[in-house]
Amino acid sequence: MTQTADPIMNAAPPSPEKGRSEVAASMSIALPLALTNLGNIAINTTDVIMVGWLGAEALAAGMLGFTLIFLFLLGGIGLTSSVPALTAQAHGSGDARAVRRTIRQGLWASVLYSAPAIAVLMHGEWILLRLGQDPTASRLAGEYLAFAAWSIPFILGIMVLRALLATLDRAAVIVWITGSGIVLNAAVNYGLIFGNWGLPRLEIVGAGVATMATSAVGFTIIAIYVVAHPAIRGYHVFRRLWLADFERLKAIVRLGAPIALTALLEEGLFAASTLMVGWLGALTLAGHTIALQCTAVAFMIPLGISQAGTVRVGIAAGRRDSQAIGRAGWTAMTLGLAVMSIAALAFWVVPEPLARQFLDASDPDAAEVLAIAVSLLGVAAFFQLFDGAQVVGLGILRGLNDTRVPLAYAVFGYWICGAPLAYVLGFVFGYGAVGIWVGFILGLGAVAVLSLARFSARDRNGLVEKFVAVNA
């Protein structure tokens, strides 16, 4: 990366923290990111809870719709996940122009990805029917997707701008914006799903409209903050936004495409598990939905730690500081496992109170769905450790621009190990939904072990030397 005389970067970037531990430095980034992730999943959880109040059939349909849109959303998030690493590396090397170029072209990548994704999701009912799902549930899911799909470009735009704020250690503002989004989403959901406050009763369609509106408002607010804040507006990230910068866009896609494929492979494993559970009936799918939503909430914290690990490793790599790279990576892993151990304990000790939040006690199917959810949460307790380790492992490797080999790990772990084992344990050996969960847990475990082994052997594998050579 070349240096620049941009006034905002005249001073060299701050030297590695003295008197401030790596844990504190990582947590200053991870905490707001994790809280923001929790806020985002809280929006989705609000949708699930309120749709669940319509009954088990609506809950099953909602899960199918959420699964499809999340599959495409994760692909986009994966594609733009190279933005935090590239931004952090540019900031670490004192290159303000590269920071600006990265954010602008990250927004370009968001739009270019979203267009075909929305086009596909407009045919959600047709896709679900071809995958053997219930016709009524498929129709309802398609109606939800017709509106919710339009949230994708706004959500990806938020992720790109968040990369800038995290790099500049100003991610805390997103927590407040996301908190406002939770309130807005809940209010619009309550009004449109059930026809309150004089609004039309749209049921599951109302959840789709709320998702679209909330994401659009959130992106607008963050964009205004970036433009208006004195410490950030000097980067001019929206200046000449309409002009393509194919060199930087190519760099984002080159690094982001393997991350996107990795994310799609992972979410594809979860989607496959949901489809397999769907073959067991609507009530089993409803119980699976509750357990999966609980794990998704817990996952947001190690995801934030993983994102912070990407930034911290990226900054250290930008400074060519090999020891700081190691400290940042292993600190992130330790924090991730510690948090997921607490989540595992909660799922093991108090599964029933957690699951009850998603059900209407007066529903005649509630007791059966609750029993299924509780049994799956017991398995999910073990799932937490494997899931946390693999997401942090992949995140710290991204800080070194190492994305292609981890993609191969994902292919092996998710689809050569995880998916076949899920099917065999669930249907051949007859363990049903529990067997399906055990299968994809083992797949995640394989990715966790491989990615941690690679980071541990980063010097022997020449990862730092390759980074320096490419970015010289």
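Computation of the quantities below employed the complete heavy-atom set of this structure, encompassing side-chain atoms and omitting hydrogens, waters and symmetry-equivalent molecules.
Side-chain contact between H288 and I372 is absent, with no heavy atoms from C-beta onward closer than 4.5 Å. The closest side-chain heavy-atom distance from L192 to P200 is below 4.5 Å. Residues C417 and L442 have side chains not in contact (no heavy-atom distance under 4.5 Å, counting atoms from C-beta outward). Between W437 and T295 there is a side-chain heavy-atom pair separated by less than 4.5 Å. L400 is listed as a side-chain neighbour of V313, based on a closest heavy-atom distance under 4.5 Å. Residues I222 and R162 are not in side-chain contact: their nearest non-hydrogen atoms beyond the backbone lie 4.5 Å or more apart. Residues I77 and L156 are in side-chain contact: their nearest non-hydrogen atoms beyond the backbone lie under 4.5 Å apart.
Looking only at distances, a side-chain donor or acceptor of T310 sits under 3.5 Å from a matching main-chain atom of G395. With hydrogens and angles ignored, the 3.5 Å screen pairs a side-chain donor or acceptor of S215 with a backbone N or O of T211. With hydrogens and angles disregarded, no donor-acceptor distance shorter than 3.5 Å links the side chain of S456 to the backbone of L452. Counting only distance, with no hydrogens or angles, the side chain of S82 and the backbone of I252 share a donor-acceptor pair below 3.5 Å. Not one N or O on the side chain of R454 forms a donor-acceptor pair closer than 3.5 Å with the backbone of S451.
No more than 12 heavy atoms of other residues, nucleotides or ligands shown are found within 6.0 angstrom of CH2 on W150. Counting non-hydrogen atoms of neighbouring residues, nucleotides and ligands closer than 6.0 angstrom, the NE2 atom of H123 reaches no more than 12 such neighbours. Heavy atoms of other residues, nucleotides or ligands lying less than 6.0 angstrom from OH of Y423 number 12 at most. Within 6.0 Å of CH2 on W348 lie no more than 12 heavy atoms contributed by other residues, nucleotides or ligands. Heavy-atom neighbours of R404 CZ from other residues, nucleotides or ligands within 6.0 Å: at or below the threshold of 12.
One distance of note links CG of L407 with CG of L394; it measures 10.0 Å at 0.5 Å rounding. Put simply, CG on D387 and CZ on F299 are 5.0 Å apart, with the number rounded to the nearest 0.5 Å.
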Inset, instruction - Any chance you could lay out the side chain to side chain contact (heavy atoms under 4.5 Å, CB included) test for L450 and F412, step after step, and finish with the verdict? - result: CA-CA 10 Å; L450 290 170; F412 173 78; 4.0 Å; yes

Legend entry - Stepwise side chain to side chain contact (heavy atoms under 4.5 Å, CB included) test for N189 and F194: CA-CA 8 Å; N189 265 329; F194 305 106; over 6 Å; no

Inset, instruction - Assess whether side chain to side chain contact (heavy atoms under 4.5 Å, CB included) is satisfied between T262 and T403, documenting all intermediate values. - result: CA-CA 9 Å; T262 300; T403 59; over 6 Å; no

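When all heavy atoms of V447 and G413 are compared, the pair lying nearest together is CG2-CA, 3.8 Å.
The ring-ring contact (aromatic ring centres under 6.0 Å, His included) with F440 is formed by just one residue from the set F383, Y414, F386; it is F383. Evaluated for a side chain to side chain contact (heavy atoms under 4.5 Å, CB included) with F72, the options V120, I118, L264, L145 yield exactly one hit, V120.
Here A344 pairs with A381, Q384 under the side-chain contact (heavy atoms from CB on, under 4.5 Å) rule; sequence neighbours left out. Legend: residues meeting side-chain contact (heavy atoms from CB on, under 4.5 Å) with A316, ordered by chain and number and at least two apart, are A324, I325. For E352, the salt bridge (charged side-chain N to carboxylate O under 4.0 Å, His left out) partners are R356, not counting sequence neighbours. Every residue meeting the side-chain contact (heavy atoms from CB on, under 4.5 Å) condition with M300, not counting sequence neighbours, appears here in chain and number order: N37, L38, I41, L303. Scanning for side-chain contact (heavy atoms from CB on, under 4.5 Å) contacts around W176 gives an empty result, with sequence neighbours left out.
Within the structure, side-chain hydrogen bond (donor to acceptor under 3.5 Å, both in side chains) pairs that include any residue of residues 127-144 comprise R139-E143 (at least two apart or interchain).
Between W279 and F427, the ring-plane angle classifies as tilted under the 30° and 60° cut-offs. Taking the six-membered ring where tryptophan is involved, the planes of F154 and F219 are tilted, since the angle between them lies from 30° to 60°.
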